[in-house]
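As the structure is a computational prediction, the values presented were derived from the model and not from experiment. Chain letters run A, B, ... following the sequence lines, proteins first, then strands; residues in each count from 1.
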Amino acid sequence: MELDLPFIWAGLIAFAVLAYVILDGFDLGVGILSPTFRAEADRELAMNTIAPVWDGNETWLVLGGGGLLAVFPLAYAIVMPALYAPIIAMLMGLIFRGVAFEFIHRARRTRVLWEWGFAFGSLVAAFSQGIALGALVQGIDVEGRAYAGGWWDWLTPFSVLTGVALVVGYALLGATWLVMKTSGPVQRAARRHAWRAGAGTVGLIGVVSLVTPFLEPQYAARWFAWPTAIFSVIVPALVLGCAWLLFAGLRGQADRQPFFASLGLFVLSFIGLGISFYPNIVPPGLSIWAAAAPDASLAFLLVGALVLIPMILGYTAHAYWVFRGKVDPGEGYH
Amino acid sequence: MFLGFDALELARFQFAFTVSAHIIFPAFTIGLASYLAVLEGLWLRSGDDAYLRVFEYWKTIFAVVFGMGVVSGIVMSYQFGTNWSVFSDKAGPVIGPLMGYEVLSAFFLEAGFLGVMLFGRDKVGRGLHFFATLMVAIGTLFSAFWILSVNSWMQTPAGYAINEAGQFVPDNWWAAVFNPSFPYRLTHMVLAAYLTTAFVVGAVGAWHLLRDRTNRGAWIMFSMAMWMALIVAPVQIVAGDLHGLNTLEYQPAKVAAIEGHYDGHPEGAAPLILFGIPDDEAASIRHTLEIPYLSSLILTHDLTSPLPGLRDFPPGDRPPAELIFWTFRIMVAVGFAMVALGLWSAWARCRGRLDASRSLHRAAVAMGPSGFLAVLCGWITTEVGRQPWTVHGLLRTADSVSPLGAPAVGTSLLVFIAVYFVVFGAGTAYVLRLMGRSPGGGDDISILGPTRSAGITPALSVGRRGRGAAG
């Protein structure tokens with residue numbers, strides 16, 4: 001039997017993007033929330049919870065981008081110019097967010113500048129990613145093998161909605177991560193944020209889900225026509241289940257349950273997007289098979305991916321294990 | 001048009017700017033990661049804590065520079081798509097998987113073990129910590145391997161076919177990865193990274209020896225760096241020469257532009273033009289200072305083999321000699337200055353004055369940034385020398401660019417310039433401040449302050465205390 005390599009790779013790229021969204025999602029969420037902590041020590045504590053892992057988390061974004069170039073070069077070549085401004089804005093945000101981890105401790109008088117760079121960089125990166133997602137869901141004008149739309153096509157009420165939704169969703173991930181990784185006043189504040197961001201996230205998931213089927217006939221057919229309409233029952237039911245777990249966890253002062261329930265919300269939203277998109281990689285018309293590189297390219301990288309991705313997951317899990325548990329505010333740097 | 005430039009020019013300038021800013025950091029961290037591994041190995045073997053102190057000193061600097069390399073590198077992974085989408089579509093099936101291997105084998109490895117290397121010494125034991133340092137060093141070398149394979153493929157494409165969509169598709173992966181210029185370029189660049197690091201380390205060591213010649217840490221740095229200069233700089237000249245011969249074979253127009261040879265020498269016996277004023281418009285070079293026969297001797301090792309000139313190529317296929325004639329000469333001059341400093345240090349070492357020769361120390365301080373200058377000039381030479389092609393001889397730069405308007409590319413370019421100067425300017429200032437701290441004995445390490453780009457020292461006790469809470 002011939003392996004359907006483009007299908008396998010679509011799954012792997014989707015996995016990389018999902019890994020990025022949930023892993024760097026909580027990093028960016030912590031950045032977005034950081035200005036709400038008044039005391040410098042609290043902001044530092046919040047930052048310390050993600051300091052050991054942000055670099056590895058961000059690497060999934062490089063895999064998503066670099067992987068797209070490798071296995072779906074046509075999709076990469078169409079999407080990047082189409083989403084030019086949000087991509088550039090995201091990169092700028094990630095620059096300020098990334099250097100802040102070191103610069104905050106190297107700066108003397110300008111420390112506050114890098115603290116704001118950390119917060120705004122996280123916010124801009126999150127909002128840009130949400131805008132890019134919305135613009136992609138709305139569909140991209142393609143002519144021949146190139147983007148054929150205008151410079152501002154990415155900016156619509158829907159893409160602003162998804163931008164806001166992703167910021168709120170990342171804030172939820174960040175808040176529940178802090179609930180899990182801290183104690184004392186930071187944890188209490190994070191729990192309050194998690195209530196608000198949780199309500200906002202669930203509401204925005206609902207709004208985006210209601211609008212999406214009306215953007216493209218394919219989406220409507222997918223969600224309202226048998227047999228795929230069954231997902232219209234299953235996915236919302238699971239979303240509500242995760243929401244219940246989230247709020248029950250917050251009410252019951254649970255440390256870990258809210259975070260994992262929030263992850264569940266993200267995974268379900270991502271699956272929902274996949275249900276809308278499939279079999280396209282760039283809606284409305286570019287399928288994963290049309291965008292794929294030749295099988296020789298896909299097979300060559302797949303061999304490496306099958307060997308290396310399990311190793312990556314192994315040593316990433318080890319890093320999380322080494323830095324597990326609460327970050328203690330009493331422990332200073334030695 | 002945007003400020004008088006078209007979208008192609010702006011896209012080219014944007015790539016040149018972002019990649020030039022980026023290459024500074026890996027050129028330093030590739031060498032520094034290996035240096036850290038050597039220092040830790042020496043400490044483990046000798047038990048001499050002076051090596052550990054030097055390790056900790058450079059580890060802090062490594063964290064800052066590596067962070068800047070990461071964020072400027074992410075920009076590069078998207079530059080291909082944003083500004084060069086046609087190139088990405090056409091060349092993606094060949095170069096994309098190579099970059100994919102870079103991410104999978106190098107970037108994750110570095111990110112995964114950096115945290116343990118920076119902060120894990122007390123948590124994971126000596127052996128595992130050394131292993132983490134080695135993994136970071138190996139990760140930087142894997143990264144160099146794959147990205148230089150990509151670049152070399154663009155210079156000397158091999159192992160490909162062209163499909164009906166006009167895409168380059170892989171035909172023979174071995175031939176594509178190990179394309180004709182790759183072994184030379186990889187060797188030349190890794191040696192360049194090692195030399196760049198050696199001259200920075202040497203300059204910092206010399207700076208502190210000038211203040212206190214008994215500073216043990218500074219002595220370790222300076223002595224090791226001068227050994228590197230003595231041994232690696234001459235090797236680099238040989239490697240560069242071999243790289244040049246390979247370029248003559250596959251990209252003769254580039255060599256003609258480097259040499260300033262507009263007219264070919266079909267009978268051989270080409271002179272080496274030391275200096276001159278190249279003029280691409282007139283296709284001639286004026287005011288030359290020449291050494292007879294030497295160009296032929298260097299490039300063909302005889303006096304009769306023909307050497308092409310730029311006029312042998314259609315005007316639309318010529319790289320601009322006006323730029324790379326100069327960048328090449330600057331690179332070579334820096335290389336010979338490095339050899340000279342290495343020889344000077346050997347002479348001082350023989351006389352037992354390596355720690356006392358103030359003029360040598362001052363020269364080493366002055367040479368501190370020389371590696372960066374040589375790396376930048378070398379890259380400009382090889383990249384501009386590839387023009388007017390992105391994939392040499394097959395895909396023109398003008399046919400590679402994204403269908404974007406000049407205002408979009410121009411605006412993003414201005415944003416990149418502004419952000420890079422602020423962020424990397426500040427980062428450079430912080431690195432220089434860290435280098436100003438003495439690497440001597442005593443309690444210096446504890447005042448270096450926290451490092452946390454990928455580590456979390458407050459969690460040091462977590463393994464013991466936090467397990468019940470949330471582990």
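Within the 4.5 angstrom heavy-atom criterion, only side-chain atoms of B/Q167, from C-beta onward, approach chain A. When heavy atoms are compared at a cutoff of 4.5 Å, A/I87 approaches chain B solely by way of its side chain, counted from C-beta outward. Neither the backbone nor the side chain of B/V431 has a heavy atom closer than 4.5 Å to any heavy atom of chain A. Using a 4.5 Å cut-off between heavy atoms, B/F416 contacts chain A through both its backbone and its side chain. Using a 4.5 Å cut-off between heavy atoms, A/I95 contacts chain B through both its backbone and its side chain. Interface residue A/L69: backbone and side-chain heavy atoms are both found under 4.5 Å from chain B. Of the atoms belonging to A/L61, heavy atoms from both backbone and side chain fall under 4.5 Å from chain B. The contact between A/F96 and chain B is made entirely by side chain atoms (from C-beta outward), counting heavy-atom distances below 4.5 Å. For B/P403, the part lying under 4.5 angstrom from a heavy atom of chain A is the side chain only. Looking at A/V179, there are no atoms closer than 4.5 Å to chain B (heavy atoms on both sides), in backbone or side chain. With a 4.5 angstrom heavy-atom cutoff, B/F87 does not touch chain A via any of its atoms. Using a 4.5 Å cut-off between heavy atoms, A/R97 does not touch chain B at all. Interface residue B/A165: backbone and side-chain heavy atoms are both found under 4.5 Å from chain A. For chain B, the nearby parts of A/W60 are the backbone and the side chain; heavy atoms of each come within less than 4.5 Å. Only the side chain of A/I88 has a heavy atom closer than 4.5 Å to any heavy atom of chain B. Heavy atoms of A/A89 lying under 4.5 Å from chain B are absent altogether.
Classification of A/D255 and A/K326 as a salt-bridged pair holds, one side-chain N sitting under 4.0 Å from a carboxylate O.
One N or O on the side chain of B/Y57 and one on the backbone of B/R437 form a donor-acceptor pair closer than 3.5 Å. With hydrogens and angles ignored, the 3.5 Å screen pairs no side-chain donor or acceptor of A/Y76 with any backbone N or O of A/L68.
Atoms NE2 and CG, from A/H318 and B/L128 in turn, are 6.0 Å apart once rounded to the nearest 0.5 Å. A distance of 8.5 Å separates CG in A/D24 from CH2 in A/W54, rounded to the nearest 0.5 Å.
Counting heavy-atom pairs closer than 4.5 Å to chain A, the top residue among B/G166, B/G112, B/A408, B/S402 is B/A408. Highest contact tally toward chain B, considering only A/A100, A/A85, A/A77, A/A319, is held by A/A77 [criterion: heavy-atom pairs under 4.5 Å]. Chain A forms more heavy-atom pairs under 4.5 Å with one residue of B/A91, B/G100, B/P170, B/A426 than with any other, namely B/P170. Interface check for chain B: of the options A/A293, A/A296, A/G117, A/G66, the most heavy-atom pairs under 4.5 Å are formed by A/A296. Each of A/M311, A/E58, A/M92 has some count of heavy-atom pairs under 4.5 Å with chain B, and the biggest count is that of A/M92. Interface summary for chain B: among A/A292, A/A107, A/A305, the most heavy-atom pairs under 4.5 angstrom belong to A/A107.
Ring pair B/F62/B/F66 is parallel by interplanar angle, where below 30° counts as parallel and above 60° as perpendicular. Using a 30° and 60° split on the angle between ring planes, B/Y101 and B/W146 fall in the parallel class, below 30°. Using the six-membered ring where Trp is involved, A/W177 and A/F26 have ring planes that are parallel, under 30° apart on the 30 and 60° scheme.
Screening B/T411, B/N83, B/T82 against A/Y84 for a side chain to side chain donor-acceptor pair (under 3.5 Å) leaves a single residue, B/N83.
Remark: A/F120 CZ is loosely packed, at most 12 non-hydrogen atoms of other residues, nucleotides or ligands lying under 6.0 Å away. The number of heavy-atom neighbours closer than 6.0 Å to CZ of B/F421, taken from other residues, nucleotides and ligands shown, is 12 or below.
The two residues A/G56 and B/F108 have their closest heavy-atom pair at O-CE2, 4.0 Å.
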